[in-house]
S.K.: 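So that we are looking at the same thing, I have put the structure below in structure tokens.
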Amino acid sequence: MDVSVWRGSGDEGAYESFQVPAQDNQTVLDVVSYIQQELDPSLTYRYACRVGMCGSCAMMVNGQPRWTCRTHVKKVLNGDRLTVGPLRNLPVIRDLAADMDPFFEKWIKAGGVHKPGLSRDDAIQQVRPEDPGRVEANKAIECINCAVCYAACDTVAGNPDYLGPAALQRAWTLYNDVKVTDRAAVLASVTGPGGCTNCHSQGSCTRFCPNELDPLSSIAGLKRAAARSFFGGKG
């Protein structure tokens with residue numbers, strides 16, 4: 001197959017073509033690894049677990065963000081051609097390795113770090129699994145911050161201040177966590193410039209999430225909570 005791979009750093013670079021033998025049960029990560037091991041050892045890319053748990057191998061495959069370790073070539077091959085690039089909407093360190101710093105900076109800006117209301121001297125707070133807030137919070141706890149939703153989001157592409165789906169989904173999780181005492185602070189962190197109201201509800205984040213989470217619904221929840229808070233309703 002003819003595989004085009006992005007080579008370069010920052011804004012400078014171009015696609016380079018490689019001829020890779022097709023094999024049964026071959027993943028895109030297998031293809032990238034073959035190029036690095038057999039054709040060009042200078043190719044830079046990122047991966048760890050290879051079994052779809054860490055998300056570090058996320059790249060653009062034929063224009064769409066995917067975990068390359070779980071993407072089988074036969075499902076995405078365009079004729080005999082395959083194009084692999086670094087994640088969209090993030091700076092490129094080199095070749096297929098994107099700089100994740102902006103992604104995590106927005107995650108923190110959106111209040112992604114849990115701030116408990118109790119100390120270690122207090123009794124452990126009991127949380128009922130069937131509590132509506134706990135049920136809602138559980139929907140997004142499998143997010144592993146792979147940035148696939150961030151790369152898929154056209155709002156991020158057009159608005160560099162937009163916090164992005166993963167950061168807003170994390171905020172919605174904390175907003176529904178009964179252990180978080182200052183829910184108003186959570187809303188304040190996601191309703192300013194670049195916050196949840198910037199979402200255009202296109203749904204690419206939910207469509208491409210490899211863990212089948214629903215960031216779009218989480219962002220909609222934040223919008224409803226913000227509206228209730230603005231009009232004096234219960235948060």
S.K.: Are Arg88 and Asp154 side-chain neighbours, meaning at least one heavy-atom pair lies under 4.5 Å?
M.R.: yes
S.K.: Evaluate Arg134 against Asp131 for salt bridge (Lys or Arg N to Asp or Glu O under 4.0 Å), listing each step before the verdict.
M.R.: CA-CA 5 Å; Arg134 184 67 259 165; Asp131 181 86; over 6 Å; no
S.K.: Please examine the side chains of Asn211 and Ile144, heavy atoms only from C-beta on, and report whether any two atoms are closer than 4.5 Å.
M.R.: yes
S.K.: Counting distance only, does the side-chain N/O of Asp177 pair as donor-acceptor with the main-chain N or O of Lys179 below 3.5 Å?
M.R.: yes
S.K.: Say whether Thr27 and Asp30, considering side chains only, have a donor N or O and an acceptor N or O under 3.5 Å apart.
M.R.: yes
S.K.: For Ala151 versus Leu87, what's the shortest heavy-atom pair and its separation?
M.R.: CB-CD2, 3.8 Å
S.K.: Strictly by modelled atom types, are Tyr45 and Thr68 linked by a side-chain donor-acceptor pair under 3.5 Å?
M.R.: no
S.K.: Looking at side-chain heavy atoms only, is the closest gap between Arg94 and Ser42 below 4.5 Å?
M.R.: yes
S.K.: Starting at CG of Asn62, measure out to NZ of Lys75 and round the result to the nearest 0.5 Å.
M.R.: 15.0 Å
S.K.: Any side-chain donor paired with an acceptor under 3.5 Å for Glu136 and Trp172?
M.R.: yes
S.K.: Linking I/L/V/M/F/W/Y whenever their side-chain heavy atoms sit closer than 4.5 Å, directly or via other members, would Tyr150 and Trp6 fall into one cluster?
M.R.: no
S.K.: Can you tell me how far SG of Cys146 sits from CE of Met100, rounded to the nearest 0.5 angstrom?
M.R.: 7.5 Å
S.K.: Which distance, rounded to the nearest 0.5 Å, do you find between the CG of Leu222 and the OG of Ser229?
M.R.: 12.0 Å
S.K.: For the pair Trp107 and Phe104, name the ring-plane relationship: parallel under 30°, tilted 30 to 60°, perpendicular over 60°.
M.R.: perpendicular
S.K.: Can you tell me how far CG of Asn145 sits from SG of Cys54, rounded to the nearest 0.5 angstrom?
M.R.: 12.0 Å
